[in-house]
Amino acid sequence: MTPSAAAVARTLFPQTPSKGRVYNFSAGPACMPESVLEQIREELIDCRGSGIGLLELSHRGTVYDRLNDEAEAACRKAAGVGSDYAVFFMPGGATVQFGLLPLNFLGENDTAAYIDTSIWSHKAYSEAARCREVTIAFDGRALPEKYSRVPQRGEFAEPKGAKYLLYCQNNTVEGTTFWAPPETTLPLIGDATSDVFSRPWDFTKHVMVLAAGQKNLGASGASLVVARKDFLASATKRIPQILRFEDHANAKSILNTPPTFAVRVIGLMAEWTLSVGGPEAIAKNNAYKANLIWNAVDNSGGFYSWPAEKWCRSHLNVCFRTPKPELDAQFVAHAEKAGLFGLLGHRDAGGMRASIYNSFPVKGCELLADFMGEFARKNG
Ligand code: PMP
């Protein structure tokens, strides 16, 4: 990291939690900038001088209209897409989106392909497989170490005529990431739930990028969708409107009563993203933070390990385990005593996971790295 990037990390980004709060490494819902939380607190009582609180605001009024427009504008700017793309919000998280994709885009005889690098991409696949004949284009479960890497260039099948190819941009549970969208001739869909706006990313390589709200976008209960308008128009009309992506886009995210609170929080988080320098500045800060912890893994003389291959290690979810599950449990308990919370790994992967999304403070990563060193010395 260059000195200037380090300086940015130390000024614009959150540092230490205020009194009574802890370092929250939760995978999602996850920590948010306190400046955003404070603004939400204010708006909960009186939103924009309307005399009405954010949760009480009609979704058909001018105040909410403005909040909705601003959220779209900030996300559009952070995504860097033009008018050929729709940017909108839908109720529910990523799993809802996984279910809606085949309903919208796959006729009874159509197929789609899934790059399976994680439990989440597998979930996307298996939800679609309940109603359509879909295929696995890359099987990360079959690697010598399950889900230890993403495919290399061209290392996946591209079934002819497939209506889309889905991949998970950052694998939240496995600690791996794609450093660029896979090159393909198929219409590409990215699940950006755990990496949205965390780095410069070419959204225009995709027909759709979706992201549930509860990590870099703040609140659970809604998802951001960035999608090419012609792709949205290709969806069948023989499903209820409320399940159709294009109808949500055409209604500007107000097809029915939307999750107004979550949409406002997404808007504030997108504005915060831009205020600290956008995905580019965030990527530098995230790399600095992640390397502190990955280095603690590498410098532990083998005490900490994780199967993720180095070249595709995530900068958002840093995972590691000690030589014994009993020690993992001790690690988590002792870390809490040191003010470091939420480090227990996903139930399917075990070990520890430090989720350090865009607004997670640098200081928390330094403290965790120090704590790891000390714990290894005492128990190694
Ligand atoms: N995709 C990814 C990459 C995730 O990290 C998650 C949840 N952590 C999901 C999908 C599922 O999201 P949801 O719980 O909103 O359905």
Side-chain angles (χ1 to χ4, degrees), residues 24-32 89-103 114-130 138 140-141 147 149-151 164-179 181-182 188-199 201 203 206 208-226 243 245 248 258-259 261-263 265-266 269 286 290 308 312-319 342-358 360:
N24 175 15
F25 290 89
S26 165
C31 84
M32 290 170 57
F89 311 103
M90 285 175 70
T95 310
V96 174
Q97 303 275 311
F98 294 163
L100 296 180
L101 288 172
L103 296 181
Y114 287 74
I115 294 181
D116 184 4
T117 54
S118 62
I119 66 154
W120 291 121
S121 34
H122 197 80
K123 178 88 174 184
Y125 161 79
S126 55
E127 287 292 284
R130 293 169 71 94
F138 171 83
R141 292 172 311 169
Y147 290 146
R149 65 174 175 86
V150 301
Y164 60 82
L165 172 70
L166 183 140
Y167 76 112
C168 181
Q169 298 180 183
N170 181 78
N171 297 297
T172 323
V173 173
E174 296 77 8
T176 63
T177 206
F178 282 82
W179 285 114
L188 187 63
I189 299 181
D191 173 4
T193 295
S194 55
D195 69 311
V196 67
F197 305 154
S198 69
R199 49 187 170 175
W201 198 249
F203 281 67
H206 306 76
M208 182 186 285
V209 172
L210 58 94
Q214 62 266 23
K215 304 171 203 286
N216 284 326
L217 300 175
S220 57
S223 293
L224 164 69
V225 183
V226 177
L243 304 180
F245 288 97
H248 284 274
F261 180 73
V263 168
V265 175
I266 292 176
M269 288 299 288
N286 287 349
C312 60
R313 279 174 168 179
S314 170
H315 284 178
L316 300 152
N317 307 97
V318 181
C319 306
L343 286 162
L344 186 66
H346 187 273
R347 60 193 179 282
D348 288 350
M352 274 73 71
R353 170 172 52 169
S355 295
I356 46 172
Y357 299 116
N358 298 350
F360 186 90

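When a ligand or atom number is given, it counts from 1 through the structure's own listing order.
Among the candidates Cys312, Cys168, Pro151, the single residue satisfying the side chain to side chain contact (heavy atoms under 4.5 Å, CB included) test with Phe178 is Pro151.
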May I have the N/O to N/O pairs between ligand 1 and the protein that fall below 3.5 Å, each with atom names and distance to one decimal?
residue	atom	partner	partner atom	Å
ligand 1	1 (N)	Asp191	OD2	2.6
ligand 1	5 (O)	Thr172	OG1	2.5
ligand 1	8 (N)	Lys215	NZ	2.8
ligand 1	15 (O)	Ala94	N	3.0
ligand 1	15 (O)	Gln214	NE2	2.9
ligand 1	16 (O)	Ala94	N	3.3
ligand 1	16 (O)	Thr95	N	2.8
ligand 1	16 (O)	Thr95	OG1	2.5

Fill in: ring-ring contact (aromatic ring centres under 6.0 Å, His included) between Phe245 and His248, worked out
CA-CA 5 Å; Phe245 288 97; His248 284 274; 7.9 Å; no
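When ring centroids are compared, His206 and Tyr167 come within the 6.0 Å threshold.
Classification of the Phe197-Phe203 ring pair by plane angle, with boundaries at 30° and 60°, yields tilted.
Taking the side chain as every heavy atom from C-beta outward, Gln97 and Thr193 never approach each other to under 4.5 Å.
Among residues at least two apart or in separate chains, salt bridge (charged side-chain N to carboxylate O under 4.0 Å, His left out) pairs with a member in residues 190-199 are Asp195-Arg199.
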